[in-house]
Amino acid sequence: MEIASATYIEEKLKAPVPVESCRFHFPLLRRQVNGKPLIYFDNAATSQKPQVVIDAIMRFYHEENSNIHRGVHYLSTKATEAYEEARVKAQKFINARSIEEVIYVRGTTEAINLVAATYGRKNVNEGDEVLISAMEHHSNIVPWQILCEEKKAILRVIPMNDDGELLLDEYDRLLNDRTKMVCLAHISNALGTINPVKRMIATARARGIPVLIDGAQALPHIKVDMQDLDCDFYAFSSHKMFGPTGVGVLYGKKELLSAMPPYQGGGDMIKSVTFEKTAYNDLPYKFEAGTPNIEGAIGLGAAIDYMKRMDLDAVAAYEHELLTYATTQLLEISGLRIIGTAKEKASVISFVLEGIHPHDIGTILDYEGIAIRTGHHCAQPVMQRFGVPATARASFAFYNTKEEVDVLVKAIHKVKEVLG
Amino acid sequence: MSLLRELYQEVILDHNKNPRNFRVMEGATKHVEGYNPLCGDHYTIFVKMDGDVISDVSFQGAGCAISKSSASVMTSLLKGKTKEEAEQMFNHFHKLVKGELNAEENLETLGKLAAFAGVSEFPARVKCASLAWHTLQAALHDDAQTVSTE
Ligand SMILES: Cc1ncc(COP(=O)(O)O)c(C=O)c1O
């Protein structure tokens, strides 16, 4: 197989990408499933990868593979450069002040666990409160539950209305002197709601309460700016934003990160070790123990390059159009109910069909080549709030089309025919 | 359509719409909850034992067509059967949905269970089909109060 050269990839990464043609950059979208052209509507679970990302990872293994921050030899220098360049790309992409604030992690889940286990353990004590929202992913619930249990602290929950919008008055009321941390999804994976995080961050910070934002679903859809948001921590995963799995970023404000104890011990996170004492490394390395996911970071860098060539406002507009179109079409199907009808929504549609379990919907759609997610979407409290055991969820990326939505609608009619 | 139709056979659709023995049982010897966290299927199976014989069996709960119809068919087959016979049935059923038993060659042994032959073509659904049976096993074996297929 031929491997794209560095210059070829770089050139590819410079050309602008119009939304209409980006579909062709994703090789997997060309395949068939069950004899039908694949329609990939499970983007909230993970996105597909453009050729440039795949090429960048291949090239790393063909030409630069070696460990980082360790050797003086040529390859190690090259690998370290590529790995650190990707960090700079991530820093610029989210507008963090410096690379010290950009910590590589395995993904959103690890980022949140890191904050809970270090900042949380240090600052949350008996009787204190941690405030999360009613629409969090299990990743932004369980680490706080574990912390609260250990510290005898209290986990409080911001409620939401029937459209899946957080009740801001309740939020303001819930903030108090014992609140030590606010943890919120930027965009809900189960409902699609875009939360007014900037306003919510400002309220908490005015009271000196740090805020962690779970940005797993935000990065693939909207521009995020750390200095504009002014949150204390922000977590995201590469695999949901067109990069590879197994890598992600924890953004943290430098003051907070500096004061936090390390998360894991090992190589790379130390300056010097004797059996008596270890001096920890500087930021961001203090939180990066062991050989990291090098090709993952490089792949994430390529994904960011790819996204930077797109007009993200045009992407958002296109996705919004797709969302509106799909919502209108789906609502014409009798017995179909959409769960999550917030005014501010990303291109995620959770729905239920009267008398038909989502799992059966999923199987029949799959038979038609359509990949959607069915189940509780790692957000069981959301399902309980809306009184459904599960939903079917179609989540769109910029490479999806209205024609694909039409096929979905037809296939849902077929579901009703088979199971009706 | 054919594979789909094989999965969603008339028997399955019928038991999904009109589940048999779908009730809470008063004076059950044992009831056990079965849960499939992946899709949220959730049932309680009730059994009344008369020595070694299952004198009554019923279920309650919610889930997909495959899991519900499987629970329904199971309860309709088990009344009056011994523990051992129930176990044997489970064995056959398990092999059937995993594609290790040919339905057509074993129609006599399988009886109504043969309707679930299509499941073997849909590996993601084997757990749905087996949930009620696993739960029953626990009920017959004095195991835990809750069974999870994960
Ligand atoms: C809102 C949200 N938070 C957290 C996560 C967890 O991300 P990861 O599995 O990449 O750690 C997800 C992904 O499913 C998500 O959608």
Side-chain angles (χ1 to χ4, degrees), chain A residues 32-36 42 45 137-139 141-142 190 335 339 350-393 410-420, chain B residues 1-19 22 33-44 59-72 97 99 115-132 146 148-150:
Chain A
Q32 299 210 328
V33 164
N34 291 325
K36 318 263 166 44
D42 195 16
H137 186 280
H138 294 164
S139 295
I141 302 175
V142 184
I339 309 282
S350 257
F351 63 93
V352 290
L353 269 181
E354 202 185 332
I356 299 178
H357 193 278
H359 218 178
D360 296 311
I361 302 176
T363 292
I364 297 175
L365 294 191
D366 180 55
Y367 195 71
E368 297 297 313
I370 307 170
I372 59 156
R373 170 91 185 258
T374 62
H376 53 59
H377 318 294
C378 297
Q380 288 183 5
V382 175
M383 301 298 115
Q384 287 148 19
R385 168 68 178 75
F386 287 94
V388 292
T391 72
R393 179 188 71 188
K410 242 193 228 148
I412 294 175
H413 282 293
K414 186 156 174 183
V415 170
K416 293 179 58 170
E417 197 186 300
V418 173
L419 289 172
Chain B
M1 202 69 171
S2 63
L3 273 184
L4 267 190
R5 281 288 175 209
E6 241 166 72
L7 177 65
Y8 293 110
Q9 293 196 15
E10 282 308 323
V11 176
I12 289 181
L13 295 177
D14 173 40
H15 278 260
N16 178 43
K17 283 228 174 82
N18 313 295
F22 193 62
E33 270 180 71
Y35 183 49
N36 179 349
L38 200 66
C39 44
D41 293 351
H42 195 175
Y43 297 99
T44 307
F59 78 109
Q60 270 280 290
C64 64
I66 304 299
S67 63
K68 192 180 223 175
S69 59
S70 172
S72 173
V97 294
F116 292 89
V119 174
S120 66
E121 293 291 336
F122 295 83
R125 306 307 297 275
V126 172
K127 274 185 182 159
C128 308
S130 321
L131 177 60
T146 318
S148 162
T149 56
E150 283 304 291

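Treat the numbers as computed from the prediction; the structure is a model and nothing was measured. Per chain, numbering begins at 1; letters A, B, ... match sequence-line order.
Between the side chain of B:Asp41 and the backbone N or O of B:Cys128 there is no donor-acceptor pair closer than 3.5 Å. In this structure a side-chain-to-backbone donor-acceptor pair under 3.5 Å is missing from A:His377 to A:Ala379. Of the possible polar contacts, none joining the B:Ser72 side chain to the B:Pro19 backbone as a donor-acceptor pair under 3.5 Å is found.
Among A:Thr374, A:Leu419, A:Ile361, the residue with the largest count of heavy-atom pairs under 4.5 Å with chain B is A:Leu419. When each of B:Ala124, B:Gly63, B:Ser67 is scored by its heavy-atom pairs under 4.5 Å with chain A, the top score falls to B:Gly63.
When heavy atoms are compared at a cutoff of 4.5 Å, B:Ala65 approaches chain A by way of both its backbone and its side chain. Using a 4.5 Å cut-off between heavy atoms, B:Ile66 contacts chain A through both its backbone and its side chain. Proximity to chain A (any heavy atom under 4.5 Å) is shown, for B:Ile12, by neither the backbone nor the side chain. Looking at B:Lys68, neither its backbone nor its side chain comes within 4.5 Å of chain A, counting heavy atoms on both sides.
Classification of the B:Phe122-A:Tyr367 ring pair by plane angle, with boundaries at 30° and 60°, yields tilted.
B:Thr44 meets the side chain to side chain contact (heavy atoms under 4.5 Å, CB included) test with B:His31, B:Glu33, B:Phe46; sequence neighbours excluded.
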